[in-house]
Asks: 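Have a look at the structure that comes next, please.
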Number of protein chains: 2
Amino acid sequence: MAYADQYIDKLRKSGLRPTKQRIKICEVLFDAEKTFHFTIKELVKIIENQANIKVSLATVYNTVHAFMRKGYIKEIPLNASQSYYDTNVTHHHHFFDEEENKLIDIHQDDVDEVNIKRTIPGKKIRSVEVIAKIVSDNQSQK
Amino acid sequence: MAYADQYIDKLRKSGLRPTKQRIKICEVLFDAEKTFHFTIKELVKIIENQANIKVSLATVYNTVHAFMRKGYIKEIPLNASQSYYDTNVTHHHHFFDEEENKLIDIHQDDVDEVNIKRTIPGKKIRSVEVIAKIVSDNQSQK
DNA sequence: TCAACAGTTTAGAATAAATATAATCTATTA
DNA sequence: TAATAGATTATATTTATTCTAAACTGTTGA
Ligand SMILES: [Mn+2]
Ligand SMILES: [Mn+2]
Ligand SMILES: [Zn+2]
Ligand SMILES: [Zn+2]
């Protein structure tokens, strides 16, 4: 794990103690070549499979929330009974495949700036997210 | 209840038996002058307050799901420990006030058509929704 | 008109995601 | 290395939602 030192730094700079558990979670989340989307359940499974260390469910939740507060990951709103998280923290949008229950990134460049003409007095926009739900295109129309 | 007959029709036409409970829920949802957003908890509270009839929680869930299947209401995707529903079933977008946890409609006309340049092979877009998160605009920058 | 039945409601139990608790453990630093 | 603030853990709790199975009711056709 050549990256461990890097994560130790990252955690220290964030005021988080670099524990074995947090470093492991960093490796899973940030060693990946590409950013990805995950649920807590999936994250736990990945950690278990690479099982050189045991991490309790509570710690996974705590760490994910800590990383969210620090801006290392973000939550994606879906009408699910389960939260989806994203290691891509840049501003971007999503397809949601309703058949496979999978999120797919849409780069910001691939969506023209969303122009909202309406405003709410005393309020400002903090973020704008587009979710496009997709389904199989069975172009066989009888 | 001049509207009751209308709801009895609506339910019958949908293949749903017009029970006292379903008619009551129709009144709460569709007698309102304006469309609105609600959680199950809020809906239960409204029904309880107008308490000429008792409706169990299971029935509220069942009926809300039945009405969704029929397209009379729709679910709005938000950070999901709780589902938000909408009696406005036209295509439209939302502000989400993060401080008050309230949804506000944005009419379709108030958002330029969202142009997504990317496509997924074999898939087609079924819906596109924009959620703009808003917060208080304290325009006091030190 | 009414019996029969499918569909509906209900209280309460079950489930599952998420959070809280409080005892134990550990990274930090003096 | 000792003291301690912070972290982890097993476990319990909370909360939204769904399930169950018994009781009830709207509908239909004789
Ligand atoms: Mn959360
Ligand atoms: Mn649902
Ligand atoms: Zn993403
Ligand atoms: Zn709405």
Side-chain angles (χ1 to χ4, degrees), chain A residues 4-5 7-28 37-45 47-48 51-70 72-85 101, chain B residues 4-5 7-28 37-48 51-70 72-73 75-85 101:
Chain A
D5 287 349
Y7 298 134
I8 291 173
D9 270 10
K10 181 173 184 150
L11 289 165
R12 279 226 177 82
K13 280 178 189 155
S14 310
L16 298 170
R17 285 188 182 168
T19 61
K20 289 192 299 269
Q21 292 81 354
R22 284 174 177 162
I23 292 167
K24 178 72 211 173
I25 293 173
C26 279
E27 286 173 12
V28 171
H37 308 100
F38 63 95
T39 63
I40 294 290
K41 213 200 271 185
E42 289 164 354
L43 181 53
V44 166
K45 199 167 286 173
I47 293 167
E48 273 172 4
N52 19 16
I53 185 183
K54 188 190 172 191
V55 183
S56 77
L57 185 61
T59 295
V60 174
Y61 274 105
N62 288 340
T63 305
V64 163
H65 280 138
F67 285 1
M68 277 217 293
R69 263 179 265 117
K70 295 297 170 186
Y72 300 159
I73 56 183
K74 64 176 179 177
E75 206 167 2
I76 306 300
L78 285 177
N79 59 347
S81 53
Q82 215 176 339
S83 289
Y84 283 72
Y85 301 92
N101 264 52
Chain B
D5 288 348
Y7 297 134
I8 291 173
D9 269 9
K10 181 174 184 149
L11 289 165
R12 279 226 177 83
K13 280 178 189 154
S14 310
L16 297 170
R17 283 190 184 168
T19 62
K20 288 193 300 270
Q21 292 81 356
R22 284 175 175 160
I23 293 166
K24 179 72 212 172
I25 293 173
C26 278
E27 285 172 11
V28 170
H37 308 99
F38 64 94
T39 63
I40 294 290
K41 215 199 270 187
E42 288 164 352
L43 181 54
V44 166
K45 200 167 286 173
I46 296 170
I47 293 167
E48 273 173 5
N52 20 15
I53 185 183
K54 188 190 173 191
V55 182
S56 77
L57 185 61
T59 295
V60 174
Y61 273 104
N62 288 340
T63 304
V64 163
H65 280 140
F67 285 2
M68 278 217 291
R69 264 179 265 118
K70 294 298 169 186
Y72 301 158
I73 56 183
E75 207 167 1
I76 306 299
L78 283 178
N79 286 20
S81 55
Q82 213 177 338
S83 289
Y84 283 73
Y85 300 92
N101 265 51

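Throughout, protein chains are lettered first and strands after them, A, B, ... in sequence-line order, and every chain is numbered starting at 1.
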Asks: D:dA16, OP1 or OP2 - any side-chain N/O from B:Ser83 closer than 4.0 Å?
Replies: no

Asks: On the nucleotide D:dG6, are OP1 or OP2 found under 4.0 Å from the side-chain N or O atoms that A:Thr19 carries?
Replies: no

Asks: Checking contacts here: which listed nucleotide (C:dT26, D:dA7, D:dT27) is nearest the side-chain heavy atoms of A:Leu16?
Replies: D:dA7

Asks: So, is A:Lys54 near the phosphate of D:dA10, with a side-chain N or O under 4.0 Å from OP1 or OP2?
Replies: yes

Asks: Would you confirm whether B:Lys24, through its side chain, and B:Ile53, through its main-chain N or O, come within 3.5 Å as a donor-acceptor pair?
Replies: no

Asks: Would you kindly give the CD-to-C1' distance between B:Glu42 and D:dA16, to the nearest whole Å?
Replies: 14 Å

Asks: OP1 or OP2 of D:dT18 less than 4.0 angstrom from a side-chain nitrogen or oxygen of B:His65, does that happen here?
Replies: yes

Asks: Mapping B:Val55 and A:Ala58 onto DNA chain C by nearest heavy atom, which one lands closer to the 5' end?
Replies: B:Val55

Asks: Does B:Gln82 put a side-chain nitrogen or oxygen below 4.0 Å from OP1 or OP2 of D:dT17?
Replies: no

Asks: Please confirm whether the shortest side-chain N or O distance from A:Arg12 to OP1 or OP2 of C:dT28 is below 4.0 Å.
Replies: yes

Asks: Would you indicate which nucleotide in C:dT28, C:dT9, D:dT8 comes nearest to any side-chain atom of B:Ser56?
Replies: C:dT9

Asks: Can you tell me how far P of D:dA7 sits from CD1 of A:Ile25, to the nearest Å?
Replies: 13 Å

Asks: The side chain of B:Leu57 lies closest to which of these nucleotides: D:dT17, C:dT9, D:dT9?
Replies: D:dT17

Asks: With respect to the phosphate group of C:dT19, does any side-chain polar atom (N or O) of A:Tyr61 fall under 4.0 Å of OP1 or OP2?
Replies: no

Asks: D:dT27, D:dT17, C:dT26: which one has an atom nearest the side-chain heavy atoms of B:Pro18?
Replies: D:dT27

Asks: Is there side-chain contact between A:Ile40 and A:Leu57, with heavy atoms separated by less than 4.5 Å?
Replies: yes

Asks: With the side chain of A:Arg22 defined as its heavy atoms from C-beta on, choose the nearest nucleotide among D:dT25, C:dT10, D:dT8.
Replies: D:dT8

Asks: State whether B:Gln21 places a side-chain N or O below 4.0 Å from either non-bridging phosphate oxygen (OP1 or OP2) of D:dT25.
Replies: no

Asks: Answer yes or no: does a side-chain N or O of B:Thr59 lie under 4.0 Å from OP1 or OP2 of C:dT10?
Replies: yes

Asks: Among C:dA17, C:dT9, D:dT25, which is the nearest nucleotide to the side chain of B:Arg17?
Replies: D:dT25

